Amino acid sequence: MRTPPRGRSTAQLLADFGHDLPTKPEPERPGKEPYLFHPSPRHGQRRPGRGWSPSRTPVVQYRMTSDQAAAWWPFIANPPLPPTGAQIGIDELSGGSFYADPLGWVLDDTVPVTNPNVITFGKPGGGKSTNSKNFATLMMDFGYKVFVLGDPKDEYEPLCRAFGVQPFAVGPGMSARINPLDFGPLGDGWDTLDRVEAQRRAGIIFRRWLTLIRGLVGSQFVGEQRVPFGPTDARVVEAALAQLTGYLDGHHTLHVTTIPALWQLLANPTDQLITECRYASTRQFLDETRLLRDALGQLVTGALAGLFDAPTTIAVDWTAPSSRSPCPASNPSATRPWASP
């Protein structure tokens with residue numbers, strides 16, 4: 001028990017002489033706000049239809065910021081993209097129609113899209129191929145061109161034929177050939193170009209050739225390492241291509257060359273090429289370009305023979321509504337990549 005204080009306090013003593021000490025006002029307590037929801041027992045109300053349970057349900061609690069909650073909360077949908085382009089399907093988040101117009105979105109400053117690339121992914125059998133073919137077919141009505149880079153399952157052949165495009169097959173043992181060193185559309189009307197435009201196009205062509213040969217050489221392996229393609233290799237290939245096409249000699253009209261011609265020139269270099277590449281002798285040139293020459297030789301007589309070892313035998317119609325590009329097939333009986341002009 002609490003022992004009562006002995007004697008009188010200061011307040012009582014002053015009160016006996018007619019003086020009262022000022023009292024400290026007590027703060028007003030705010031009233032309780034009404035509940036937004038009526039509280040419910042942890043087990044629920046024991047009434048029919050009130051969700052009563054004999055045991056407590058474990059509840060997991062998460063703590064996050066408003067930025068995280070906006071992305072995590074499953075019932076919040078982002079505003080849909082503008083309804084331009086082809087109608088593809090239904091937006092699972094908003095329930096409205098979903099339209100696709102990647103290029104139109106990028107060109108429109110009011111749409112927060114800065115990249116037109118689209119990727120489709122999902123588990124096998126989920127409809128990726130069907131969706132891609134549907135996307136390609138619908139987008140043709142809006143001015144899009146479809147170019148299929150390889151078709152190992154022959155899924156796009158019926159689509160090409162439906163649009164009047166004749167597909168062609170490319171692979172080892174087949175008659176079709178593709179020359180990676182063709183000029184392409186940049187070679188059209190070359191004879192009528194002035195000097196400035198010819199130099200501009202030549203720069204673009206040589207840069208593309210160099211990138212392509214770097215990819216073909218780097219796709220091969222020495223053990224577990226890819227074949228290196230450094231700055232010295234790039235200078236050798238660029239100088240050799242300039243000599244084969246006549247660009248090194250200042251010819252106004254460039255000549256079409258091939259991978260076999262490039263391989264043969266590197267195997268039998270001219271004095272002009274050795275000087276241009278800054279080698280001291282033919283032996284030094286051959287010793288330091290052996291790996292590069294062997295990698296190019298695989299494209300001519302090795303595992304990739306029959307694809308890039310001759311002038312192009314097909315003509316691609318770039319005005320066709322759809323096209324399928326060539327892709328090498330390691331086993332033509334098992335998979336047949338197609339391309340369509």
Side-chain angles (χ1 to χ4, degrees), residues 147-153 168-184 204-245 247-248 255-270 273-274 276-279 282-314 316 324-339:
F147 188 83
V148 182
L149 188 62
D151 186 16
K153 296 182 180 180
F168 53 83
V170 177
M174 298 182 180
S175 60
R177 295 289 187 276
I178 294 182
N179 180 19
L181 303 180
D182 270 335
F183 295 125
I204 297 175
I205 291 174
F206 279 103
R207 285 195 298 269
R208 291 182 178 179
W209 283 347
L210 196 60
T211 302
L212 187 144
I213 293 178
R214 178 184 288 109
L216 292 176
V217 170
S219 65
Q220 304 177 47
F221 289 85
V222 178
E224 296 182 354
Q225 302 294 328
R226 293 186 179 273
V227 176
F229 191 90
T232 304
D233 300 313
R235 181 178 180 85
V236 170
V237 170
E238 189 173 6
L241 291 174
Q243 181 174 334
L244 289 171
T245 58
Y247 189 77
L248 187 61
H255 305 288
V256 177
T257 187
T258 60
I259 293 291
L262 175 63
W263 179 49
Q264 290 295 333
L265 178 59
L266 296 183
N268 301 281
T270 62
L273 180 62
I274 294 174
E276 182 69 21
C277 297
R278 297 175 300 182
Y279 284 97
T282 303
R283 174 49 51 192
Q284 183 187 11
F285 180 93
L286 295 176
D287 290 342
E288 296 190 10
T289 60
R290 180 177 291 108
L291 189 57
L292 174 62
R293 287 185 284 110
D294 291 343
L296 291 175
Q298 290 295 311
L299 303 176
V300 180
T301 61
L304 298 179
L307 294 175
F308 313 117
D309 56 356
T312 302
T313 60
I314 57 178
V316 179
R324 295 197 301 168
S325 74
C327 178
S330 58
N331 185 358
S333 61
T335 173
R336 297 180 61 198
W338 290 82

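Count residues from 1 along the sequence. Keep in mind the model is a prediction, meaning the values are calculated, not measured.
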Original post:
Between T289 and L292, is there a donor-acceptor pair closer than 3.5 Å when you use the side chain of the first and the backbone of the second?
Top reply: no
Original post:
Hey, are the side chains of L262 and I213 touching, using non-hydrogen atoms and a 4.5 Å cut-off?
Top reply: yes
Subject >> Minimum heavy-atom distance L266-L273, with the two atoms named >> reply: CD2-CD2, 4.3 Å
Original post:
Any side-chain heavy-atom pair from T258 and W263 closer than 4.5 angstrom?
Top reply: no
Original post:
Any idea which heavy atoms bring T245 and L241 closest together, and the distance?
Top reply: OG1-O, 2.8 Å
Subject >> CD1 on I205 to CG on L181, rounded to 0.5 Å >> reply: 11.0 Å
Subject >> Non-neighbouring partners of Q264 that pass side chain to side chain donor-acceptor pair (under 3.5 Å), sequence neighbours left out >> reply: none
Original post:
What pairs with T312 under side chain to side chain donor-acceptor pair (under 3.5 Å), at least two apart in sequence or on another chain?
Top reply: D182
**OP:** Determine the minimum heavy-atom distance between L212 and P180, stating which atoms define it.
**Re:** CD2-CB, 3.2 Å
**OP:** Hey, could you give me each pair passing salt bridge (charged side-chain N to carboxylate O under 4.0 Å, His left out) that has a residue in residues 289-299? Not counting sequence neighbours.
**Re:** D287-R290
**OP:** Output all residues satisfying side chain to side chain contact (heavy atoms under 4.5 Å, CB included) with L291, sequence neighbours left out; order by chain, then residue number.
**Re:** V222, V227, P228
**OP:** Return each pair, listed once, that meets side chain to side chain donor-acceptor pair (under 3.5 Å) where at least one residue sits in residues 213-222; pairs must be two or more places apart or across chains.
**Re:** none
Subject >> Pairing residues for T282 by the side chain to side chain contact (heavy atoms under 4.5 Å, CB included) criterion, not counting sequence neighbours >> reply: P269, I274, L286
Original post:
Taking only residues at least two apart or on different chains, which pairs with a member in residues 169-180 satisfy salt bridge (charged side-chain N to carboxylate O under 4.0 Å, His left out)?
Top reply: R177-D309
Subject >> side chain to side chain donor-acceptor pair (under 3.5 Å) partners of T211, counting only residues at least two apart >> reply: none
Original post:
Can you tell me how far CG of L216 sits from CG of L299, rounded to the nearest 0.5 angstrom?
Top reply: 5.5 Å
Residues 229-238, side-chain donor-acceptor partners within the protein, below 3.5 Å, at least two apart:
residue: D233; atom: OD2; partner: G230; partner atom: N; Å: 3.1
residue: R235; atom: NE; partner: E276; partner atom: O; Å: 3.4
residue: R235; atom: NH2; partner: E276; partner atom: O; Å: 3.1

Subject >> Non-neighbouring partners of W209 that pass ring pair (Phe, Tyr, Trp, His ring centres under 6.0 Å), sequence neighbours left out >> reply: F183, F206
